[in-house]
Amino acid sequence: MSDSQGAAAAVIEQLAAQGVSHIVISPGSRSAPLALAAWQADRDGLVHTYVRVDERGAGFLALGLAKSSGWPAAVVTTSGTAAGNLLPAIMEASHSQIPLIAITADRPASWAGFGASQTTDQAKIFGGFARWQTHISAAGDPHSWAAQAARAVLTSRGVLGERPGPVHLNVHLSEPLAHRSDILLHRATPVLRRQSKHVEPVAFKPVRETVVICGDADPLVGAEAAGLAAATGYPLIAEPSSNARFGAALSCGRLVLASRLAGEVKRVVVYGHPTLSREV
């Protein structure tokens, strides 16, 4: 288990131990350890998880769950602008004194200020609307991981302050985010295929439970990913910038990835930008 997975597990397990039973997940690559930890807690019967692609909607779903139950609910997002989309729900929770726990994944602190993608200063991103905010670092003292999560629950309930309300846990997660022993990374190198209507499939032993993913890619790489999917019948999950989002590309990709977590998908073939591929 990586440090990032350990930190994420400690946070989620502590929330569950203190009675948090609802966790809303807005998927993203940096938040993968947190999402996996929440999913495992759901499988163990400790919490109920919900997936919402839109972070603003995820925030308000968590807000509603907290309001109806009278107990803190958590919402998990990835880094950068995704965290900022929680602000409307945080504001509502603050004014209405609803116990809401915002858990935002973040790049390592050392990445800030260098133009790294989806890296921004997430400290006090919710301003005075959060009753309390803190940073948790996967590279820090493991004893602090659960302790900070415990304080978040108590503060959101108003036990450590005058009023219940939203709190913010900003979790710095570093590579490796998760083990990828079952993922086959393939950097496409299409040569002399510009005019070809049919792309030869990648040479590897066919595995029925396989999914093709195409991230940010130029037209040639996108065409090769689409060609592989067409030639083999593998499901294709294509990002909007992949140049492969047409034809048989799935519109329900997140559900296929969810089935992978359940063990139904054994291999993932990844096309596109190498940086994005490592984030899958």
Side-chain angles (χ1 to χ4, degrees), residues 24-36 39 51-58 76-86 104-107 111 115-120 173 175-180 182-190 193-194 196 198-199 201-202 204 207 209-262 264-280:
V24 183
I25 303 168
S26 192
S29 58
R30 184 59 49 174
S31 59
L34 291 163
L36 289 169
W39 170 78
V51 176
R52 294 295 183 273
V53 175
D54 176 71
E55 292 87 3
R56 190 177 189 276
V76 176
T77 75
T78 193
S79 60
T81 57
N85 285 320
L86 294 182
T104 58
D106 201 354
R107 269 33 179 185
W111 288 26
S117 175
Q118 285 291 296
T119 300
T120 189
L173 299 169
E175 300 284 353
L177 297 174
H179 294 297
R180 302 181 182 84
D182 58 338
I183 296 179
L184 171 64
L185 296 181
H186 171 72
R187 184 177 300 176
T189 54
R193 293 178 177 172
R194 185 181 301 273
S196 176
H198 302 284
V199 180
V202 180
F204 58 79
V207 175
E209 300 87 350
T210 297
V211 170
V212 179
I213 294 179
C214 190
D216 182 67
D218 61 40
L220 289 180
V221 174
E224 182 163 350
L228 173 63
T232 60
Y234 294 153
L236 171 62
I237 301 173
E239 291 295 323
S241 60
S242 65
N243 282 292
R245 198 165 186 170
F246 55 86
L250 298 177
S251 60
C252 55
R254 66 183 181 86
L255 299 179
V256 174
L257 292 180
S259 70
R260 174 174 174 261
L261 295 177
E264 297 174 11
V265 176
K266 295 182 179 179
R267 178 164 56 184
V268 178
V269 182
V270 180
Y271 284 82
H273 194 282
T275 302
L276 296 179
S277 297
R278 288 196 299 269
E279 293 288 302
V280 172

Which atoms form the tightest heavy-atom contact between [X] and [Y], and what is the distance?
{"X": "Ile25", "Y": "Ala35", "value": "CG2-CB, 3.9 Å"}
{"X": "Ala238", "Y": "Arg245", "value": "O-CD, 3.4 Å"}
{"X": "Gly28", "Y": "Thr78", "value": "CA-CB, 3.7 Å"}
{"X": "Leu236", "Y": "Ala244", "value": "CD2-O, 3.6 Å"}
{"X": "Ala217", "Y": "Cys214", "value": "CB-SG, 4.0 Å"}
{"X": "Ala58", "Y": "Ser26", "value": "CB-CB, 4.1 Å"}

Is it the case that the side chain of Arg30 and the backbone of Leu173 share a donor-acceptor pair, with hydrogens and angles ignored and the cut-off at 3.5 Å?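 Present.
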With sequence neighbours left out, what residues match Ala83 under side chain to side chain contact (heavy atoms under 4.5 Å, CB included)?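 Ala83 satisfies side chain to side chain contact (heavy atoms under 4.5 Å, CB included) with Thr77, Thr104, Gln122, Ile125 only.
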Measuring from Ser31:OG to Asp106:CG, what's the distance to the nearest 0.5 Å?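 Spacing of OG (Ser31) from CG (Asp106) equals 11.5 Å.
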